[in-house]
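Comments concern the structure below.
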Amino acid sequence: STTLFSLKKELKRYRLKSGSQIKFVSENFAFIFLIVKWSFPTRGTREDFMYGGTFQEAIGSVLAVAQLFGVMPVRGIKEKNPSKLKFNKCSIRFFLCIFYIIGTFWIMFLDIYWIAKTKLEFGKLITLTFDVTGFLSLICFLDLARKWPHLMRQWYKVEKFLPKLKYQLDKQKMAYRIRMMSLI
């Protein structure tokens, strides 16, 4: 009965649509809690919306956009604490990054073949230069992603010794500047 009571108490944290009811048949049906947990959003607390002013929080949205383009396959980039960052070679993000690297390499190879078969012109070298830099950039970002969790943990230790900002607006300035610079 304590399990049933704790499940009912936990369910009160979730907002249900009006008229929806959950009936507990037995304690053995604890999976009902899992269904409800994934079906309804949790209620946010004040701490969820408070900004800590860390570099990890500031750069998180930029890294989320980078992951859309197959760069920085790191899990946990939107977390407030960098201890949850993880680079995993067996993730979909990693395979997407490898797919982009292979695709860019193939395009670079076709450019070299095209230049070798035809007459060397300046316009063809521009295309080759663009593709080579894209390929090398993806390789460098993959290496950075491998080192990113350790780097952010070290930087988090350094941030603890920096002076603390008092107001939320001051804490959000760095994130705003990083977003604007990356947008520009």
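The first residue of the sequence shown is numbered 1, and numbering continues consecutively from there.
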Next item on the list: Please assess Thr118 against Lys124 for the test side-chain contact (heavy atoms from CB on, under 4.5 Å), listing each intermediate value before the final yes or no.
Entry: CA-CA 10 Å; Thr118 61; Lys124 295 176 185 176; 2.4 Å; yes
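Across all non-hydrogen atoms, the minimal contact from Val74 to Arg93 is O-NH1, 3.8 Å. In this structure, Leu142 and Cys97 approach most closely via the heavy-atom pair CD1-SG, 3.8 Å. Residues Lys84 and Glu79 share a closest heavy-atom pair of CD-OE1, 3.6 Å. Smallest separation of non-hydrogen atoms from Thr133 and Thr129: OG1-O, 2.5 Å. Taking all atoms of both residues into account, the shortest heavy-atom contact from Ile178 to Ala58 is CD1-CB, 3.8 Å. In plain terms, the two heavy atoms of Ala64 and Lys78 that are nearest each other are CB-CD, 4.5 Å.
Phe69 and Phe95 are members of different hydrophobic clusters when ILVMFWY side chains are connected at heavy-atom separations under 4.5 Å. Linking Ile, Leu, Val, Met, Phe, Trp and Tyr whenever their side-chain heavy atoms come within less than 4.5 Å leaves Leu125 and Phe109 in two separate clusters. With hydrophobic clusters built from ILVMFWY side chains whose heavy atoms lie under 4.5 angstrom apart, Leu151 shares a cluster with Met72. Using a 4.5 Å cut-off between side-chain heavy atoms of Ile, Leu, Val, Met, Phe, Trp and Tyr, with links allowed through other members, Phe94 and Phe99 fall into the same hydrophobic cluster. Hydrophobic clustering places Ile139 together with Ile112 (ILVMFWY residues linked when any side-chain heavy atoms are closer than 4.5 Å, directly or through intermediates).
Annotation: the span from Met152 atom CE to Leu63 atom CG amounts to 8.0 Å, rounded to 0.5 Å. Atom CD in Glu121 sits 10.5 Å away from atom OG1 in Thr127 (nearest 0.5 Å). The distance from atom CD of Gln56 to atom OG of Ser83, rounded to the nearest 0.5 Å, is 9.5 Å. Rounded to the nearest 0.5 angstrom, His150 NE2 and Leu85 CG are separated by 12.5 Å. To the nearest 0.5 Å, atom CG of residue Leu68 and atom CG of residue Leu96 are 9.5 Å apart. Residue Ile98 holds its CD1 atom at 4.5 Å from CD1 of Ile101, rounded to the nearest 0.5 Å.
In this structure, a donor-acceptor pair under 3.5 Å is present between the side chains of Arg179 and Ser61.
Atom CZ of Arg177 has 12 or fewer neighbouring heavy atoms from other residues, nucleotides or ligands inside a 6.0 Å radius. Residue Phe87 qualifies as enclosed at atom CZ: its count of foreign heavy atoms under 6.0 Å is above 12. The environment of CE in Met180 is crowded: more than 12 heavy-atom neighbours from other residues, nucleotides or ligands sit within 6.0 Å. Few gaps surround CD1 on Ile126; more than 12 heavy atoms of other groups in view lie less than 6.0 Å from it.
In this structure the side chain of Val71 never reaches within 4.5 angstrom of the side chain of Tyr100, judged on heavy atoms. Counting only heavy atoms from C-beta outward, the side chains of Asn81 and Tyr156 approach each other to under 4.5 Å.
Classification of the Phe55-Trp148 ring pair by plane angle, with boundaries at 30° and 60°, yields tilted. Under the 30°/60° scheme for interplanar angles, the aromatic rings of Phe105 and Phe135 are found to be tilted.
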